[in-house]
Amino acid sequence: MVKMNSLEALVAQIQGLSGNSSDIHQLHGHLKQSDQFLYSESTRLAPVLTQLDPAKHSLGYLYLLEAVTSAPFSKERANELVVVVARFINACTAKQIRLAPDKFISVCRRFKDQVMLLEAPMRAVAPLLTAIQKLQPSTEHLTTLHPDFLLVCLSTKCYKTGLHLLEDNISEVDQPRDFFLYCYYGGMICIGQKHFGKALELLHNVVTAPMSTLSAIAVEAYKKYILVSLIHLGQFTTSFPKYTSSAAQRSLKNYCQPYLELANSYSTGKISELQTFVQMNRDKFVVDTNLGLVKQVVSSVYKRNIQRLTQTYLTLSLQDIANTVQLSSPKEAEMHVLQMIQDGEIYAAINQKDGMVRFLEDPEQYKTCEMIEHVDSSIQRMMALSKKLTAMDEKMSCDPSYVSKAGRERQRFDFDDFDGVPQRFNL
Amino acid sequence: MEADDEYTGQMIDEIYANGGDPPSRPVISGEQLDVEAYAALYSGRTKIVRLLFIAERCGGGAMELEALRMAYDEIKKGENTQLFREVVQRIDGCLGPEYGPDPAWAEAVDRRAEQRKDKLENELNAYRTNLIKESIRMGYNDFGDFYYAHGLLGDAFKNYVRTRDYCTTGKHITHMCLNAILVSIEMGQFTHVSSYVSKAEQNSQNSDSLDTITAAKLRCAAGIAYLEAKKYKLAARKFLETNPELGNNYSENKVIDNINFRNFLELVPEVRELIHDFYSSLKANLLLDIHLHDHVETLYEQIRSKALIQYTHPFLSVDLHMMANAFKTTVAGLEKELEALITDNQVQARIDSHNKILYARHADQRNATFQRVLQTGNEFDRDVRAMLLRANLIKHDYNQKSLRKV
């Protein structure tokens, strides 16, 4: 069936049939049939690639490329492959590659592996981002490449790029595993950028996602969730929301004992106790690579206490602040207050002559144009979200399995009552 | 006896068992309480128990002996030999030979008691065979009274409750309830008190209405029950309801309590008078009252907070020095108290620690509303998106088992 020169025939086909969508379909069929053949010829394929244009012949190119990369490669080859793949990703046509998403994903994955092998993960950041953008049907879709991309960002500390991707709100998920990893890595990136609110949201999604058995990702996410909750909200509720899976509710806490105790110690408000606790359990935190976060938790205690003071006092001496918040000297208190003012966490003015701090009100008057725009866009966003929710509800009401279940479980009404669904509704 | 009925005391053991953590209370020493005058307000068992309580609490000295002496006299008038023995132990010969153990008297009383008990039993059995309801009821009642007089409260209670089956009129039920309440208060079982009070009140609605004294007694009992349950506001209300019916049977103490409770409830404008009250002997008296002693501290704290709040309420700014003077505390201490109140959101103000002034602060409603709106919007956004995500996940019906460890 397959002859030696069929490779050339294939190339010709690719070049010929990459015109319109019906041709592409045909091509796709051919390519699928030739899959095995391509794998067997993988070593010979590299020079063939030069005959094809990655932009016009994306689908064909993809198949060939995938076969090429499927072969084990050495470090020397990796370099040139990386260049080739990167170029392909940048140039390819989204429509064509979406026809063979699995192949595309595996190409990208191997690309990432090669880049890691070369110890230059930075080279993968931009191409992967492009890859994601071309692969996803819409910005709301989660692809398998998302977590890989975020991992690369984490390794290279390119948090801002990662953050940029996280701004898209995901609502369609194909693979739950991707989702967990995505949320977990996303949470870590947000923590790196000190966007604790978003981190909390992402980690919360992992912890409360439906799962039949507990996964390690959920456990790690829960640990970070506790810490971020303490930093961002100043408190941590140990009760799970109703929609958390029973698997999580039962066993999550067992794996996170030191963190729960940390939360307890935090809630007492005694800094010295907290610090002793951290010292004692230092190793456990280091093993989980959470020590940095734990340190942030401890410093957040001071912040909380100072914030509480703003509610009670108009002016307060630095000495008093130091005493109340259990800092060692007014100088330290001044440093803390200064830092908080700079971070925008409190509004205050320090009078160094008297050693007094004057707490001011939040100057936001909600009267500016920007604020009005902000409110307006929020309203629009809410309305869109509501519509989506209603649409989903409607769709589900028409779903046959739902209707049959509803029919079965309904109470028996009187004969005279108007019945929307017949009592015995079997599909 | 009237006063005996509605205002019973407690056995010594129960005093300690009741109300939580007794012996750690501060002991008042050398107080200017006029024991005689105080004791004259009561009679019967109440008197004995209150005197013993005072003796316990005042930590030695003339007053203790005085109280014990009066208790001794009072007990001798009754028949409670057990209490007698305890008092004698406490006196420990300090009051001279006249107040010694007197075994003769004790024996005589015990013998009389035995005889009476036998007699009562026989009578009761006779009634029971005759199946005359009224007599049976009277029989159990007598038994109850007997046990009560001898300090065997548990048995007294049981017998009183047994009369319930034989009550025929509303008056009987009321009588039974009153007796049960008496003994329950004394035993410190305040749940019983509440239930019997409500029973009596229900009964009064069904049949003839209670006379005012009985009604007042019931409300008083209910108030005491609430007090023990630390529901101060409810207790205060109950006591206030009895207020109009205050007869000379009621202790002056109760009146004073009422004033305090009323202040607490009705925000008396005369703050200075209230503060003055603190520094009279009021507190000492209250600490020696058997029912209040546990709660005095809490109540005083609450009254003080109320006073502070009241003081600051009408002003835009208050000089902390003047306020500290009025409340007889230091500026630093006052600042701490105010800080607690502000954090609790009971005082809307801010402290200017530099100039030591308290400024009233009224939250800007408009800004607060905007803030809340935006926050609610964000929460809605977040929750709905999470919900949609979760629904999607469930929809795709995934399988977690093959998840690799990160």
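Every chain is numbered from 1 and lettered A, B, ... according to where its sequence line falls, protein lines coming before strand lines.
Heavy atoms from other residues, nucleotides or ligands lying under 6.0 Å from NE2 of B/His321 number more than 12. Residue B/Arg390 places its CZ atom among more than 12 non-hydrogen atoms of other residues, nucleotides or ligands, all under 6.0 Å distant. Annotation: B/Glu379, atom CD; neighbour count of heavy atoms from other residues, nucleotides and ligands within 6.0 Å is above 12.
Between A/Leu389 atom CG and B/Phe380 atom CZ the span is 6.5 Å, to the nearest 0.5 Å. Within the model, atoms CG of B/Leu374 and CD of A/Glu364 stand 9.0 Å from one another, a figure rounded to the nearest 0.5 Å. Rounding to the nearest 0.5 angstrom, the gap separating the CG atom in A/Leu314 from the OG atom in B/Ser317 is 11.0 Å.
Under the 3.5 Å distance criterion, the side-chain polar atoms of A/Thr312 are left unmatched by any main-chain donor or acceptor of B/Glu339.
At least one test fails for B/Arg350 against the ring of A/Tyr313: distance under 6.0 Å to the centre or angle within 45° of the axis.
Proximity to chain A involves both the backbone and the side chain of B/Leu388, based on heavy atoms less than 4.5 angstrom apart. For a residue to count as touching a neighbouring chain, one of its non-hydrogen atoms must lie under 4.5 Å from one of that chain's; by this rule A/Ser245 does not touch chain B. In this structure, no portion of A/Asn351 lies under 4.5 Å from any heavy atom of chain B.
Taking the charged nitrogens against the carboxylate oxygens, B/Arg361 and A/Glu361 do have a contact shorter than 4.0 Å, which makes a salt bridge.
Here the closest non-hydrogen pair linking A/Gln365 and B/Arg366 is O-NH1, 2.9 Å. In terms of heavy-atom proximity, B/Gln371 sits nearest to A/Tyr366 at CG-OH, 3.3 Å.
With chain B as the partner, the residue from A/Lys367, A/Lys388, A/Met396, A/Met371 showing the most heavy-atom pairs under 4.5 Å is A/Lys367.
Residues from residues 373-386 of chain A that place a non-hydrogen atom less than 4.5 Å from a non-hydrogen atom of chain B comprise A/His374, A/Val375, A/Ser378, A/Arg381, A/Met382, A/Leu385, A/Ser386, given in numerical order. Residues of residues 198-206 of chain A having a heavy atom under 4.5 Å from any heavy atom of chain B, listed by number: A/Glu201, A/Asn205.
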